[in-house]
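All residue numbers in this chain count up from 1 along the given sequence.
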Amino acid sequence: MRRFRLTLRARLTVVYGLLFLVAGLVMLVLTWALVQQRLIGDASIVSSSYCCTAPGEEAPSFDPAAPTPPGGAEQNYLYTVKIVGAARDEALGALITQGAIAVVVVGAIAAWMGWLVAGRMLRPLSTITETARRIADAPDADRRMHERINLTGPRDEVTELAETFDGMLARLDTAFDAQRRFIANASHELRTPLTLNRALIEVAAERPDASPDLKLLGETLLEVNARHERLIDGLLLLARSERELGERRFVDLADVAEHVVDEARARTTGDPAAPPVELIADEAPTAGDPVLLEQLVRNLVDNAVRHNLAADGWVRVTTRTDASGRALLEVTNTGRPIAPYELDRLVEPFRRLDGERTGNGSGAGLGLSIVRAIVEAHDGELALVTRPGGGLVVTVRLPGESYATTG
């Protein structure tokens, strides 16, 4: 059971209210004691003056030990003492009850004013919290570091906290930008020597006097070089996917999936080990970069075909609009069983099903990493679920038609 906790604003309001009530009660008790002491003295003087002073005579000082006057004077004295005492008790009672009511009413007003003042004082903290939560909850949080709080106001602890937070965001923004620029620049610089290597290998292997061993070595080197080129192309695409989209256009995932599935079927025609690819395409409108969305679907379909069963395998691609109006793409395939704890690692760069960072497969280990980057760039959601009996279910949800027309 979750423990209930008051907010800081509520706690400050309670503290303000309790402090005022305690101070008011202390003041009320002190006032009551002082008034009571004064009324006792005044009542004694009045009683003594009333019963013992003749007209024109000076009133004697009151002495409680003095004998009471005889006859009617004693009755007048007792009556006067009784009336004065009742008036005194009534006055003190009214003071304590009316004062308590006044303290409670003013305490409630003070608590309400404390609530308003606490809200105003804590408003900058709410701004900092909202900014941090908006950045942390964003799918592309690493590309939202350009946001700043820019808190204005007097120079105090809250302003210093906001400036420190803005400085931290600026440093993180610079670090992420530098990382993306490095990937893009390094990938571009590596493509030139790889292209040159491929040309030299092809020339050497295709010479008329080339021996069979040299030709076999050339084919092997070309395969290695082609794998490196795919790796560089994947890094370039990953760097591009991690940048914010400059322009969004209307895209129907059903059309994209149909085009990609047709390509996959054409590539695997005549291959007995290739699994059949089934397509269930209903309209799934969204907005984004058509090239990146096509690459997203292609990576998912290629992974589903590549990591499949040698026999009786299959791949199913489904597009539709879900109940919330978002465009949905689902790619399901058969394959070897996958442990649930391996799912998070599959979307990391250079990770494969065997958990190793490198391997001799035809892929570069960037397929799902690129998919995740493209999904985050389009403000979507990516979910990986293991399929009972083996295989994987990959679900992509992108903003729907309303976003496509207004985004």
inquiry  = On a heavy-atom basis, which atom in Val251 and which in Gly288 lie closest, and how many Å separate them?
reply    = CG2-O, 4.1 Å
inquiry  = Could you check whether any side-chain heavy atom of Leu279 comes within less than 4.5 Å of a side-chain heavy atom of Arg265, counting everything from C-beta outward?
reply    = yes
query = Do His307 and Arg336 have side-chain heavy atoms sitting under 4.5 Å apart?
reply = no
request  = Search all heavy atoms of Ala210 against all heavy atoms of Ala204 and return the closest pair with its distance.
outcome  = CB-O, 3.9 Å
query = Do you know which two heavy atoms are closest between Thr319 and Ala284, and how far apart they sit?
reply = CB-CB, 4.3 Å
Derivation and outcome, side chain to side chain contact (heavy atoms under 4.5 Å, CB included), residues Leu12 and Tyr16 = CA-CA 6 Å; Leu12 288 177; Tyr16 293 156; 4.3 Å; yes
key: Heavy-atom side-chain contact between Val260 and Leu300 under 4.5 Å   = no
ask   = Considering only heavy atoms from C-beta outward, does the side chain of Pro290 approach that of Arg249 to under 4.5 Å?
value = yes
task = Tell me, with the steps shown, if Arg298 and Glu263 meet side chain to side chain contact (heavy atoms under 4.5 Å, CB included).
result = CA-CA 9 Å; Arg298 180 176 290 110; Glu263 287 185 346; 2.9 Å; yes
task = Apply the test salt bridge (Lys or Arg N to Asp or Glu O under 4.0 Å) to residues Glu283 and Arg320: give CA-CA distance (whole Å), side-chain angles for both, the deciding distance (0.1 Å), then the verdict.
result = CA-CA 5 Å; Glu283 289 186 357; Arg320 58 183 174 86; over 6 Å; no
request  = Determine the minimum heavy-atom distance between Arg207 and Val203, stating which atoms define it.
outcome  = CG-O, 3.1 Å
query = What closest approach, in Å, do Ala257 and Val297 show between heavy atoms, and which atom pair accounts for it?
reply = CA-CG1, 4.0 Å
key: Glu258: partners by salt bridge (Lys or Arg N to Asp or Glu O under 4.0 Å), with sequence neighbours left out   = none
query = From Ile338 CD1 over to Leu346 CG, what is the distance, rounded to the nearest 0.5 angstrom?
reply = 6.0 Å
note = To the nearest 0.5 Å, atom CG of Leu309 lies from atom CG of Asn333 at 8.0 Å
remark   = Applying salt bridge (Lys or Arg N to Asp or Glu O under 4.0 Å) to Arg267 and not counting sequence neighbours gives Asp302
ask   = Taking atom CD1 of Ile374 and atom CG of Leu293, what is their separation to the nearest 0.5 Å?
value = 7.0 Å
query = Are any side-chain N or O atoms of Asn299 and backbone N or O atoms of Leu368, one a donor and one an acceptor, separated by less than 3.5 Å?
reply = no
query = How about Arg11: does its CZ atom have over 12 heavy atoms from other parts shown lying under 6.0 Å from it?
reply = yes
Test item: Thr334 side-chain N/O and Asn308 main-chain N/O as donor-acceptor pair under 3.5 Å = no
query = Looking at side-chain heavy atoms only, is the closest gap between Val371 and Asn303 below 4.5 Å?
reply = no
Between side-chain atoms of residues 99-122 and protein atoms elsewhere (two or more places apart, or another chain), which donor-acceptor pairs fall under 3.5 Å?
none

key: Inter-residue atom distance Leu19.CG - Leu21.CG, 0.5 Å rounding   = 9.0 Å
Indicate every side-chain donor-acceptor pair of residues 385-395 with a distance under 3.5 Å to a residue at least two apart or in another chain.
{"unit_1": "Arg387", "atom_1": "NH1", "unit_2": "Gly390", "atom_2": "O", "d": "3.0"}

inquiry  = Salt bridge or not between Asp379 and Arg397? Use side-chain N to carboxylate O under 4.0 Å.
reply    = no
task = Flag the pair Phe165 / Leu169 as yes when at least one side-chain heavy-atom distance between them is below 4.5 Å, and no otherwise.
result = yes
query = With a 4.5 Å limit on heavy-atom distance, are the side chains of Thr159 and Pro124 in contact?
reply = no
note = Applying salt bridge (Lys or Arg N to Asp or Glu O under 4.0 Å) to Asp282 and not counting sequence neighbours gives none
request  = Begin with the C-alpha distance, continue with both residues' side-chain angles, and end with the deciding distance and a verdict on side chain to side chain contact (heavy atoms under 4.5 Å, CB included) for Val277 and Thr268.
outcome  = CA-CA 10 Å; Val277 181; Thr268 58; 5.6 Å; no
Got a list of side-chain donor-acceptor pairs under 3.5 Å for residues 212-226, not counting sequence neighbours?
{"unit_1": "Thr220", "atom_1": "OG1", "unit_2": "Leu216", "atom_2": "O", "d": "3.0"}
{"unit_1": "Asn225", "atom_1": "ND2", "unit_2": "Leu194", "atom_2": "O", "d": "3.1"}
{"unit_1": "Asn225", "atom_1": "ND2", "unit_2": "Glu229", "atom_2": "OE2", "d": "3.2"}

key: Heavy-atom donor-acceptor pair, Thr286 side chain to Leu398 backbone, under 3.5 Å   = no
query = Passes side chain to side chain contact (heavy atoms under 4.5 Å, CB included), Val315 versus Thr332? Steps please.
reply = CA-CA 6 Å; Val315 176; Thr332 308; over 6 Å; no
request  = Please assess Arg316 against Glu330 for the test salt bridge (Lys or Arg N to Asp or Glu O under 4.0 Å), listing each intermediate value before the final yes or no.
outcome  = CA-CA 8 Å; Arg316 180 183 301 115; Glu330 186 178 87; over 6 Å; no
ask   = Under 4.5 Å between any side-chain heavy atoms of Leu328 and Thr321, yes or no?
value = no
Backbone of Asp289 reached by a side-chain donor or acceptor of His378 within 3.5 Å = yes
inquiry  = Are there over 12 heavy-atom neighbours, none belonging to Trp32, within less than 6.0 Å of that residue's CH2?
reply    = no
request  = Give the minimum heavy-atom separation between Leu253 and Ala327, together with the two atoms involved.
outcome  = CD1-CB, 4.0 Å
